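Chain identifiers are assigned alphabetically (A, B, ...) following the order of the sequence lines, protein sequences preceding nucleic acid strands; residue numbering begins at 1 within each chain. Keep in mind that this is a model prediction, so the values were computed, not measured.
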Amino acid sequence: MFFIQWVMIHSGFQQSNMRSRQASILRSPPKQILPVTVNNLIVRTSDPSYYKWTQWIFIQLFNSWYNPETNKAENISTLIPKLKNFNSLSEKDQSDLLLEYRLAYLSDTMVNWCPQLGTVLANEEVKDGVSERGGFPVERKLMKQWSLRITAYADRLFDLVEKVTTPQQKKAVEEYITFAKNRSERERMADVKKISGVFTGGYVDHPFTGKKIPIWIGDYVLAGYGTGAVMAVPGHDSRDYAFAKHFDLPIIEVVQGGDLSKESYDAKEGKLVNSDFLNGLEVKDAVKKAIAAIEEKGLGKGKTNFRLRDAIFGRQRYWGEPIPVYYENGIPKVLEEKELPLVLPEVDKYLPTETGEPPLARAKDWKYKGKFEYEYSTMPGWAGSSWYFLRYMDAHNDQRFASKEAVDYWQNIDLYIGGAEHSTGHLLYVRFWTKFLYDLGLIPVLEPAKKLINQGMIQGVSSFVYRLAFEVTDTLAAGPPIGFNAWEAAFLTLKEIPFFISKKRLDKSFQDFKYQGNDLEINEILESFQDLFNKEIPNFTGKLKISRYTPIYVDVNIVNNNILDTKSFQNWREEYKNAKFLLEENGEYICGSEVEKMSKSKWNVVSPDLMVEQYGADALRLYEMFLGPLELSKPWNTNGISGVSNFMRKLWRLYHNGEQFSVSDEKASKQELKTLHKTIKKITYDIENFSFNTSVSNFMICVNELTELKSNKREILEPLAIVISPYAPHIAEELWLKLGHKESITYAEFPKVNEEYLVESAFNYPVSFNGKTRFYQEYDLSLSKEDVEKEILNNEQTQKYLEGKSPKKVIVVHNRIVNIVI
RNA sequence: GCCCAGUUGGCGGAAUCGGUAGACGCGCUGGUCUCAAACACCAGUAGGAAACUGUGCCGGUUCGACUCCGGCACUGGGUACCA
């Protein structure tokens with residue numbers, strides 16, 4: 001099923017870019033890969049008939065608060081009686097007060113504001129304090145933003161005991177609750193080498209020993225961490241340790257196991273020492289006991305702190321669902337259900353206004369009831385995707401997000417497969433919205449999915465070329481003065497003729513982007529470039545100096561095995577048409593490479609379309625599975641696809657004699673049945689365990705064995721087609737029709753294993769000495785453990801390895817292994 | 001920095017409960033077919049002459065460790081406005 005989402009533009013000014021991105025998303029994955037296309041189940045979150053309900057859910061969030069007593073979301077009306085003097089407040093004050101409780105609320109949040117672009121930037125769009133696009137300064141700015149009170153659900157998002165969960169989900173939950181802190185703090189944390197800090201002059205009393213402890217401020221401490229308690233463990237935290245060493249502060253060992261004169265002991269394992277009533281306890285127990293003791297003394301209370309922050313819900317972009325809010329005298333109010341959807345208004349440009357308001361502020365006469373301003377920010381990309389699993393259940397309902405019958409019937413997703421990179425954002429919000437809708441009694445489930453698998457991502461292999469930067473020296477000093485034109489030409493040449501150095505040669509001469517030393521290699525480089533240079537400008541007398549190099553992403557489609565096609569490179573971009581290269585001795589230009597996420601900006605995207613054209617959709621499907629475990633990330637490499645393609649040809653041949661379809665109705669042999677049932681057993685196991693890569697291997701083994709047996713029996717080939725159909729649906733369907741069936745193979749029953757065919761009569765024992773396998777010995781399965789032991793000790797080869805000694809111990813694991821300890 | 005995952009031949013990977021390391025495929029080498037090439041087919045392919053050694057590194061548990069435990073290194077992902 002397809003899921004088409006908003007495509008956001010990065011920064012307002014690239015509409016054409018936006019169109020191409022949208023197109024590329026529509027194109028991939030190639031729809032032939034999917035066995036079934038259910039056209040009426042396409043869900044577009046950008047379609048008003050869909051986002052009407054996204055807006056509707058937002059209104060429910062606005063109208064709700066989280067009741068800590070019942071531990072669930074409730075309508076805001078149940079809150080009002082609990083608020084003192086609520087009715088005597090002004091309308092504005094009432095609104096402000098309620099906003100402090102609503103699950104969708106306006107708040108002041110810190111954002112990366114770029115005044116020149118007039119927009120808020122993602123952290124990843126900010127590099128070294130300037131915008132990635134355009135290099136404009138970025139400042140941290142406090143902004144009124146719509147936010148969702150996801151923290152109200154922190155306990156429940158983290159609470160794994162709550163009804164449904166799987167180990168995978170637990171893992172995912174842990175990923176959700178990741179560290180939250182703002183950028184400047186992160187930058188300070190990253191800079192751990194610098195140790196700076198100061199004694200404040202103040203002291204605190206130790207709650208248990210009563211000793212006075214001086215308070216220092218360190219740069220590496222997070223401002224938001226903890227709640228006012230003073231904490232430092234110089235013996236057992238490497239940063240605290242470095243800090244204490246630097247300022248010569250006392251370091252007291254409290255956990256045994258390290259050597260504090262040399263380094264900190266950070267491991268949280270070991271017995272406590274120098275800790276009064278905690279001495280002798282393990283760290284875990286000591287923490288519990290210390291918290292209990294603090295509570296007993298009335299000094300504090302144990303509390304679990306979640307590293308979760310409320311989710312900012314407003315975006316200063318055009319492409320997104322309008323937030324169904326208008327302002328009446330500065331008071332935010334939501335639309336009524338019958339007024340939905342609030343559709344995106346037309347604007348002249350997808351740019352912020354001159355005064356820095358979001359693009360929606362450009363819309364002419366876009367006012368609620370003709371007089372009240374709408375909210376100008378839009379919803380983030382994840383808004384629509386936070387509930388689309390529900391819409392699939394009833395995609396065309398215009399009365400409700402999905403009918404009650406549908407949500408009761410379908411419940412939740414059986415299996416959610418998504419990349420780990422989605423865990424933090426998307427999944428967190430889906431689970432939050434699901435719990436919220438459950439609280440309101442709108443859906444019967446607490447979790448969007450019964451099971452969750454984090455599939456690995458197919459990564460790209462980026463290639464780099466290295467451009468050298470030169471300086472011209474001695475232009476005036478050398479010989480007769482050269483004319484202005486020659487001098488200018490030199491600079492133009494440097495600009496217009498980019499010089500690229502091959503990776504291996506680069507590695508010999510450069511470190512950390514800087515040219516190191518004046519070795520032979522680099523002189524050679526200079527000479528060869530000087531030659532090129534002098535050819536370009538005959539009367540040039542200046543000297544070249546290499547200053548540094550810059551790695552540049554190069555389109556992977558013109559690189560093969562790290563070797564650059566230099567001709568194609570020159571044609572790739574106008575600015576490189578005069579490019580010169582310093583090659584390896586064998587005349588090749590070697591590129592640098594790195595494995596990373598596929599991304600247009602990294603020029604490492606390979607499209608599967610070509611693969612489908614060349615090998616077919618089944619081969620691509622099989623190959624993708626064959627690449628490795630579902631949960632592992634790996635770089636996309638098409639080198640092995642011919643293997644699965646060959647396999648499919650062999651499979652086809654089993655059912656054919658030359659061009660002719662040929663399947664016999666003879667009884668299958670024991671051997672053939674064994675091969676078939678072995679395969680059924682393995683594939684059944686693999687499907688249950690999502691181990692699709694080994695399935696493909698086993699189909700190959702099966703087809704190889706059947707080819708060997710020259711098997712073309714219907715009794716074998718018919719079940720085989722069914723077993724393979726989930727993996728290679730197109731070819732299986734075609735074979736199925738040729739086998740004479742009228743109905744699609746999709747409806748055929750999956751064959752069951754018959755263990756009878758798999759029974760063996762003997763086992764070939766690996767015989768090992770001190771754990772090393774030396775030879776094999778076959779024994780009948782009926783032989784008991786004791787008999788095997790007796791037999792093996794009398795074995796001629798055993799005697800050879802024993803060299804006359806008598807074994808200390810003989811271990812026989814029945815039908816598994818023999819190990820003799822000498 | 002913090003959180004998560006991974007590291008096995010030339011390459012992708014297999015080994016299901018602690019019990020035969022390298023299944024299957026790619027690549028490579030040699031051969032058959034061909035005037036030749038491609039395709040196809042056959043054989044070999046962790047290293048080493050061998051004894052043996054080998055699953056990122058150091059240590060531990062065990063008769064036995066890719067698998068379990070402790071520590072470390074490196075790579076990838078996330079870190080909240082890419083979705």
Side-chain angles (χ1 to χ4, degrees), chain A residues 5-8 10 21 25 111-112 119-126 145 150 171-172 174-183 185-192 220 222 239 257 266-267 269 307-312 314-317 380-382 385 418-426 428-429 454 456-457 459 594-597 599 601 623 626-629 631-635 637-644 646-647 649 682 685-686 689 691 693-694 696-701 704 764-773 776 807-811 813 816-822:
Chain A
Q5 224 179 338
W6 288 99
V7 178
M8 300 293 180
H10 271 284
R21 285 189 58 178
I25 284 179
V111 292
N112 299 313
T119 186
V120 175
L121 299 176
N123 282 330
E124 69 155 22
E125 292 171 311
V126 182
Q145 289 270 40
I150 191 170
K171 195 174 74 188
E174 279 158 5
E175 274 164 36
Y176 301 153
I177 316 299
T178 50
F179 217 170
K181 55 187 174 283
N182 71 40
R183 182 175 176 76
E185 269 180 322
R186 195 171 336 136
E187 277 168 354
R188 276 198 288 128
M189 290 284 293
D191 197 11
V192 288
Y220 62 93
L222 288 172
R239 286 158 305 164
D266 291 14
E269 287 216 349
R307 291 160 171 177
L308 189 65
R309 197 168 77 203
D310 277 343
I312 303 171
R315 297 288 184 270
Q316 284 62 50
R317 311 265 162 111
W382 51 264
S385 52
E421 76 275 14
H422 293 115
S423 299
T424 12
H426 173 57
L428 179 59
Y429 305 124
N454 280 137
M457 51 161 71
Q459 295 161 311
E594 215 165 292
V595 171
E596 38 186 13
K597 224 166 125 169
S599 144
S601 62
Y623 183 60
F626 188 58
L627 268 177
E631 292 175 270
L632 272 189
S633 291
K634 53 234 146 196
N637 176 353
T638 54
N639 284 348
I641 198 169
S642 60
V644 292
N646 281 343
F647 155 73
R649 210 169 311 149
K682 179 70 183 137
Y685 177 87
D686 283 346
N689 290 280
S691 175
N693 54 325
T694 49
V696 180
S697 297
N698 280 284
F699 283 129
M700 289 173 172
I701 294 169
N704 286 345
N764 199 15
Y765 280 89
V767 182
S768 59
F769 293 80
N770 294 332
K772 298 266 178 223
T773 309
Y776 299 93
K808 280 191 192 137
K809 201 171 177 183
V810 179
I811 291 131
V813 182
R816 258 267 150 80
I817 196 171
V818 175
N819 189 21
I820 299 169
V821 186
I822 309 173

- [ ] Looking at every strand, decide which applies to S642(A) at a 4.0 Å heavy-atom threshold: base, sugar-phosphate, or nothing.
- [x] sugar-phosphate
Open item on the list: Between S768(A) and U20(B), is there a contact of a side-chain N or O with OP1 or OP2 at under 4.0 Å?
Closed with: no
TODO: Take D686(A) and M700(A), find for each the nucleotide of RNA chain B with the closest heavy atom, and name the residue whose nucleotide sits nearer the 5' end.
DONE: D686(A)
TODO: Name the nucleic acid region contacted by N704(A), choosing base, sugar-phosphate or nothing; use a 4.0 angstrom heavy-atom cut-off, strictly under.
DONE: sugar-phosphate
TODO: In whole angstrom, give the distance that lies between atom CD1 of I312(A) and atom P of A83(B).
DONE: 14 Å
Open item on the list: Tell me the interatomic distance from F647(A), atom CZ, to G12(B), atom P, rounded to whole angstroms.
Closed with: 23 Å
TODO: Let me know the distance between CZ of R649(A) and P of C41(B), rounded to the nearest Å.
DONE: 8 Å
Open item on the list: Over all strands shown, is I811(A) touching base, sugar-phosphate only, or nothing at heavy-atom distances under 4.0 angstrom?
Closed with: base
Open item on the list: At 4.0 Å (heavy atoms only), tell me whether N819(A) reaches a base, stays on the sugar-phosphate, or touches nothing.
Closed with: base
TODO: Enter the distance from I811(A):CD1 to I820(A):CD1 here, rounded to the nearest 0.5 Å.
DONE: 9.5 Å
- [ ] Look at all strands and tell whether V821(A) reaches a base, only sugar-phosphate, or nothing, counting heavy atoms closer than 4.0 Å.
- [x] sugar-phosphate
Task: Watson-Crick or G-U counterpart of C2(B), or none if no pair lies under 3.5 Å - done: G78(B)
Task: Separation of atom CZ in R816(A) from atom P in U16(B), rounded to whole Å - done: 9 Å
Open item on the list: Tell me the interatomic distance from F626(A), atom CZ, to G13(B), atom P, rounded to whole angstroms.
Closed with: 11 Å
Open item on the list: Please compare N698(A) and N646(A) by the position of their nearest nucleotide in RNA chain B and report the one closer to 5'.
Closed with: N698(A)
Open item on the list: What is the separation between atom CG on L632(A) and atom P on U75(B), rounded to the nearest whole Å?
Closed with: 18 Å
- [ ] Calculate the interatomic distance between F699(A) atom CZ and G13(B) atom C1'; express it in whole Å.
- [x] 18 Å
Task: Heavy-atom donor-acceptor pair, Y776(A) side-chain to U20(B) base, under 3.5 Å - done: yes
